[in-house]
Amino acid sequence: MKIAFFDSGLGGLSVLHLALKRLKNEEFLYYADKDNVPYGLKSREEILNFTTKSVEFLIKQGAKAVVIACNTATSVAINELRAKFNIPIIGMEPAVKKAIDLQQEIPDENDLRVLLISTPVTAVGKKLKDLIGRVDTNHLVDVLPLPKLVEFAEKEEFASIDVLEYLNSELLKFNLTNYSSIVLGCTHFNYFKDTLRRILPSNIKILDGNEGTVNKLISELEGLNLIENNKQSVEFFYSSKQVSSGSEITKLKRYLKRLDEMIDIA
Ligand code: DGL
């Protein structure tokens, strides 16, 4: 059986990319809901509906576990999905706790702030509020929605003048010398690590939640004895239609290659 990854678009490839490195003998499905991306500006009801239908589809394709490789869909739908489906459903959690723990280890950074960037839906969602309420006891986390980055990522535009201008104008609203880290609260944002690095002061760490999600996936699979020993493979779907065109597969490979270049930027 297969491990499925779901996202509104191509952001979730960043989580799949890490899973491919860690699980060498599994078969994967990747589902991008291309007909409905972006989710970050849609209603909660629409997002729940799209996500539920996609997970149903993936289970019919033989998924033994589904990773919701999308912070927005996790924020809206994870509880409902777990209640409805009888297989492991793993979600995303922005690395806020990691950011706070890291700065507590460095005395000079104790009173610095953490900037979390996400989609608008994630930014106002209860899930993020609860997480911040649990781990941010000194009220050091600020949240900034950056919806345009999702559009840029879907257009394969990661370092253009428009991207730089957008990021500069949004990030320079903050006095960045007061910050120790930036937390990527949207899987699409992993494509911009090099561009962010050009803008941010060098002491600011860039943190994503991908490792935590893949660790959770592996421990759930191990706990249920679901690890397999197959030849590694990936099948891609755009909103229930299998991707078969050579040029589209080549494009997906380019995205994965870009993620190779981003993986060590922190
Ligand atoms: N990749 C998604 C996330 O992690 C959502 C992007 C969108 O569709 O707005 O939040």
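Since we're looking at a predicted model, the values are computed, not measured. Note that ligands are numbered from 1 as they come in the structure, with each ligand's atoms numbered from 1 the same way.
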Under 4.0 Å from ligand 1, counting heavy atoms only, is it the side chain of [X], its backbone, both or neither?
X	answer
L41	neither
S8	side chain
T119	side chain
T72	both

Please assess S43 against E46 for the test side-chain hydrogen bond (donor to acceptor under 3.5 Å, both in side chains), listing each intermediate value before the final yes or no.
CA-CA 5 Å; S43 72; E46 285 174 297; 3.2 Å; yes
Atoms of ligand 1 less than 4.0 Å from [X] heavy atoms?
X	value
N71	3 (C), 4 (O), 10 (O)
D7	1 (N), 2 (C)
H188	1 (N), 2 (C), 6 (C)

S239 vs D33, side-chain hydrogen bond (donor to acceptor under 3.5 Å, both in side chains): CA-CA, chis, key distance, verdict:
CA-CA 4 Å; S239 304; D33 192 6; 2.7 Å; yes
For [atom], the protein heavy atom that lies nearest, with its residue and separation:
atom	result
atom 9 (O) of ligand 1	G40 N, 2.7 Å
atom 7 (C) of ligand 1	Y39 N, 3.3 Å
atom 2 (C) of ligand 1	C70 SG, 3.3 Å

Look up atom OG1 in T187 and atom CG in N210, then write down how far apart they are to the nearest 0.5 Å.
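The OG1 atom of T187 sits 7.5 Å away from the CG atom of N210.
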What orientation do Y31 and F237 show, parallel under 30°, tilted 30 to 60°, or perpendicular over 60°?
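It falls in the parallel class, under 30°.
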Donor-acceptor pair, side chain of Q61 and main chain of L29, under 3.5 angstrom:
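Checking the backbone N and O of L29 against the side chain of Q61, no donor-acceptor pair under 3.5 Å is found.
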